[in-house]
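All values below come from the heavy atoms of this structure, side chains included, with hydrogens, waters and symmetry mates left out.
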Amino acid sequence: MNAIKQDEDVDQETVDQLRISLTIVNKHEIVEKVDNPGDNIDMILASTNADSKVRAVAVTDLLGRLSQSGLSTDDTKSIHSALLARVQDINQNVIDALYTQPSVVLPVLSGGAEIYINYLSTILTAPGSKPKRSSLRTHLTFLATYFSPANTSRVDDIFQRIFFPFLLFSKPRQHSAEVVWDTLSAQKSLGDHEWLAGCTSIVAEERAKDTADTVEKMSTINTAFSSRIARNILKSSHYQAHLQALIAKLKDANPHTRVLGYLIARALLTELSGEHQVEAGHRVIDVIDVSELHGMEDFPQEDSDNGGAFSKVIVTKPSSRSTLQRLQLSIIALLPSIQRPTSIVLNWLAGNSNASSDKRGSRYVELIRKVYKLANMSNSTPVFTISVLRSLFINLKSDALAFLAGIWTSSSNADENLDNLRTVALHHAAAFLQAHLQEDDGVDFQTILPSLLVALQSPDKDQRNVTLTCVSTLCQLAERKFTKVYGFDAIYGNSESRLSFLCYLDRDDVKTYLDAIIQCKDHLAHDPEYIKVFHQEHLGRNKADKKKILEYKHRVLCFIVSHVNALALPAAQIVLLRSIESISDSAKAEILLPTIKSLLASKKSDAILRDLTDLVMPCFDASVAKDLNEEKSALWDAYVSVVRFHFAPNAPPSSQTIIARSLEHGLFSALSTERKISLCTLLLELGTQHADAYAACKQLLLRLVEDVPLITHLLASLQPTSYANVQPATKRAKITYASENTLPRLGLFIEVLGARSLPGSLDLISNLLETLNRVLQWVTDAQTDINYVEQLLMSAIENAANKVKEVPNLAPSVIRLEILVELIRGTFGSLSSQDINVHSRY
């Protein structure tokens, strides 16, 4: 086929006919199957002839044969295939012949309806196709008059794929559009399509007007009927399906379809309101390919004011790339004016994956961020950028600063493509604060300070410099009297569980903290990690600090931690927590309690949440021991949940290491005996429940359990309970019972004791002997486990006994005689009392 196309002696019509002839399905098979092919095969072959007159005669003849009776199934199938292929013919005589007998050809085309529609869509609307007006009229008239009424289920497909691409009036296709609208006006089967309700009369009315300016007239028609289609979509009970169809047109390969789709989408956005407008804005803006907007001409100012300017360009240059770009930019410029959701406090610093059940606020914030990003995508469109940003900031009003903070905090530093956007946002924030400096309105911007601390840790030096400019402006503002706090109790939306912990600083504290930052501005500008050093020096506690200084440091630390807790951006929380990671204070765990609970309840397990968890858990250090020791402590309950969660199956080893490090570095020793016992019991439980946690729990217990009182308490709690028999026994004085879980936990604990050096305590030896005695009398089927525990206990007794250097004068209660009696009786089985006395002497 390619070789034929390259042959200069072969005309285009011949090439097209060869292509069409190849579409006749199984032509050679049909010839073989027909018993007496005769004229049928001749006519089928003639329908593919290079001569259009021959093809027209053949088509007429084939239609006549279908009118006759007696055709075999194979004959009928072959004729149907040949006629269906003629739909693609480009010769008007052949097309006229095909539709000469509508009643005959209709069953043929209805039988292959999908193929028929595909053929028409290809020859009429494919990119680059230029159908003759006569052919277009013939095809569309048959479609509207005969095919659509007979195939009502395909009316929408016919309209969307074949009629819609010709609805737009333009200089290159004005007459084609007139043909289409005339056809729609004459035939109700398509003219009454839900999208077109009232459109045909609008178009007819506008066409009837006597207007000298043809371009102006066509522009008015396009605007009028596209607006009506938009209203029809809005009012439809099938709105979502229609919106989906419209969005698909924004990506269509046909430029006329695409441009008209954007024109309708723009009109629809102006008609919608509330969350539907926001969602439609998302759908439209997501289709726009940012790469296609690069290198474009600047945005004409009149495009942002009304649609008249680009409507005329649509008429004169509908296929031009610049026309599409102007339409896309006009939609972007329209979006900032969308009204924010009512009765909702917006969280401008939330991430895009907000977990709130009410998505209206977060979806609106996401949309405005997309607009801001697109507005700042290029330096080559200053008019467009200024126009969009002016509209956006006018709509945002005082929320502009919170919105900008959301830009530079919600964008991950790992995404280099957003570096410029973060820098731009910080510059806009600096301008915003400078404007307030001139206004002298007494606004305290301390709520934005934590976001600036995040920006100070950016790896980009330009961002850090602009951030320090913002901090410097805040310093100047702090010299004045404050009358209100910016975003008071609303900077992070209305999440009561988090905002209830939000702390505020008074003016003196704000000024002191800001001044300290400015004094270190050179270090902060050159080193993104220096903020950690600054906080350690400025907020870390020293023995020489006076009470007033300690209270100031505590307040500032609580202020920062409370914002960590209120933020709904894990990446920003991580950055803030790292800046105060080295500072120990009980307030950190208390304030972060909602965040801790949220992490425990989260079903996600991505790297960011793991990093956040690893930074939150060290808050449970020695400083929080006093709170954990309280009888009714919500913090203790949370800590137990943390330990249980991170010693569960598949828990990351890093988390277990962090918990162990805190316990070993002062937290465990600062806990009360009751809490120590509870924690050790929990570790024994977790170690025996989960094989993955066995080794970790054992190693941790090995490093924690040292004190004899703690060991004896644990032994007492893990010993099986003894019950005296009703009748005196001759072989055993007591029988011991225990739950199924006691033996594994006791076994693990004795393993821990056996793996360490035990002190030579007679009290410990006595408790070990008593435990051994009860184990010997244990009633259980797991005899192998019993024997193992017995061996471990005897090894532990020997370990402790070897450490006894000198036997003191023992009180009678140190090692009670009845324990030894029970132990000997359990060991030697049936012995008389005289035998026991003999053994006990030794």
Side-chain angles (χ1 to χ4, degrees), residues 269-270 272-275 277-282 285 299 304-305 329 331-352 354 359-377 383-411 418 421-439 441 443-452 455 466 470 473-474 477 484-494 567-569 572:
L269 285 170
T270 60
L272 288 166
S273 62
E275 59 187 293
Q277 189 180 32
V278 172
E279 288 304 316
H282 274 288
I285 207 170
F299 184 65
S304 63
D305 300 330
L329 292 181
I331 289 177
I332 297 172
L334 178 70
L335 295 177
S337 61
I338 292 178
Q339 295 301 310
R340 66 181 67 189
T342 57
S343 68
I344 294 178
V345 180
L346 295 175
N347 185 355
W348 294 106
L349 285 91
N352 289 342
N354 196 331
K359 299 292 184 182
R360 290 178 298 161
S362 61
R363 292 294 284 170
Y364 176 79
V365 171
E366 289 175 44
L367 180 62
I368 301 303
R369 285 177 182 172
K370 290 178 182 179
V371 172
Y372 184 81
K373 178 181 177 182
L374 289 173
N376 292 284
M377 65 189 167
V383 176
F384 166 73
T385 299
I386 293 172
S387 175
V388 173
L389 291 180
R390 182 178 67 245
S391 175
L392 187 146
F393 289 133
I394 288 174
N395 192 45
L396 289 175
K397 299 178 182 177
S398 63
D399 282 349
L401 183 59
F403 164 75
L404 293 169
I407 295 292
W408 76 68
T409 55
S410 63
S411 304
L418 296 178
L421 189 67
R422 287 190 289 268
T423 305
V424 169
L426 284 164
H427 276 293
H428 285 148
F432 181 96
L433 292 172
Q434 188 65 35
H436 276 271
L437 185 63
Q438 297 173 0
E439 292 177 7
D441 51 8
V443 179
D444 177 4
F445 289 100
Q446 64 172 279
T447 48
I448 219 69
L449 184 53
S451 297
L452 292 173
V466 181
C470 294
T473 306
L474 291 180
L477 288 168
K484 59 182 177 181
V485 177
Y486 178 79
F488 182 78
D489 279 357
I491 190 72
Y492 300 112
N494 55 1
L567 270 167
L569 293 166

Least distance between heavy atoms, [X] atom then [Y] atom:
{"X": "W408", "Y": "A429", "result": "CZ3-CB, 3.5 Å"}
{"X": "L269", "Y": "G281", "result": "CD2-N, 3.6 Å"}
{"X": "T342", "Y": "R360", "result": "O-NH1, 4.1 Å"}
{"X": "T385", "Y": "A375", "result": "OG1-O, 2.8 Å"}
{"X": "H428", "Y": "L389", "result": "CE1-CD1, 3.7 Å"}
{"X": "R369", "Y": "A350", "result": "NH2-O, 2.8 Å"}

Any side-chain heavy-atom pair from [X] and [Y] closer than 4.5 angstrom?
{"X": "D441", "Y": "K484", "answer": "no"}
{"X": "N347", "Y": "V365", "answer": "no"}
{"X": "L392", "Y": "F403", "answer": "yes"}
{"X": "L374", "Y": "V388", "answer": "no"}
{"X": "F432", "Y": "T473", "answer": "no"}
{"X": "F488", "Y": "D444", "answer": "no"}
{"X": "L272", "Y": "E279", "answer": "no"}

- [ ] Apply side-chain contact (heavy atoms from CB on, under 4.5 Å) to Q339 and Q277, showing your working.
- [x] CA-CA 9 Å; Q339 295 301 310; Q277 189 180 32; 5.5 Å; no
Working to the nearest 0.5 Å, report the span between [atom1] of [X] and [atom2] of [Y].
{"X": "I448", "Y": "L433", "atom1": "CD1", "atom2": "CG", "value": "8.0 Å"}
{"X": "S451", "Y": "I407", "atom1": "OG", "atom2": "CD1", "value": "12.0 Å"}
{"X": "T447", "Y": "L401", "atom1": "OG1", "atom2": "CG", "value": "7.5 Å"}
{"X": "I368", "Y": "L335", "atom1": "CD1", "atom2": "CG", "value": "7.5 Å"}
{"X": "C470", "Y": "L404", "atom1": "SG", "atom2": "CG", "value": "9.5 Å"}
{"X": "L477", "Y": "Q446", "atom1": "CG", "atom2": "CD", "value": "12.5 Å"}

Open item on the list: Can a donor-acceptor pair be found, under 3.5 Å and without considering hydrogens, that links the side chain of S410 to the backbone of G406?
Closed with: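 Yes; at least one donor-acceptor contact below 3.5 Å.
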Task: N395 side chain vs S391 backbone, donor-acceptor pair below 3.5 Å - done: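 A pair under 3.5 Å: no.
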Open item on the list: Ring centroids only, cut at 6.0 angstrom: are Y486 and H436 within range, meaning strictly under it?
Closed with: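 No, the ring of Y486 stays outside the 6.0 Å limit from the ring of H436, centre to centre.
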TODO: Give the intermediate values and the outcome of side-chain contact (heavy atoms from CB on, under 4.5 Å) for residues L329 and I332.
DONE: CA-CA 5 Å; L329 292 181; I332 297 172; 4.3 Å; yes
Open item on the list: Please determine whether side-chain contact (heavy atoms from CB on, under 4.5 Å) holds for the pair L349 and L567, giving the CA-CA distance in whole Å, both sets of side-chain angles, and the decisive distance to 0.1 Å.
Closed with: CA-CA 7 Å; L349 285 91; L567 270 167; 4.1 Å; yes
- [ ] Decide if atom NZ of K370 counts as having more than 12 heavy atoms of other residues, nucleotides or ligands within a radius under 6.0 Å.
- [x]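 Counting neighbours around NZ of K370, more than 12 heavy atoms of other residues, nucleotides or ligands fall under 6.0 Å, so yes.
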Open item on the list: Please determine whether a side-chain nitrogen of the Lys or Arg among E275 and R363 lies less than 4.0 Å from a carboxylate oxygen of the Asp or Glu.
Closed with: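 Looking at E275 and R363, the cut-off is not met.
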Task: Criterion side-chain contact (heavy atoms from CB on, under 4.5 Å) on L437 and Q434, from CA distance to verdict - done: CA-CA 5 Å; L437 185 63; Q434 188 65 35; 3.6 Å; yes
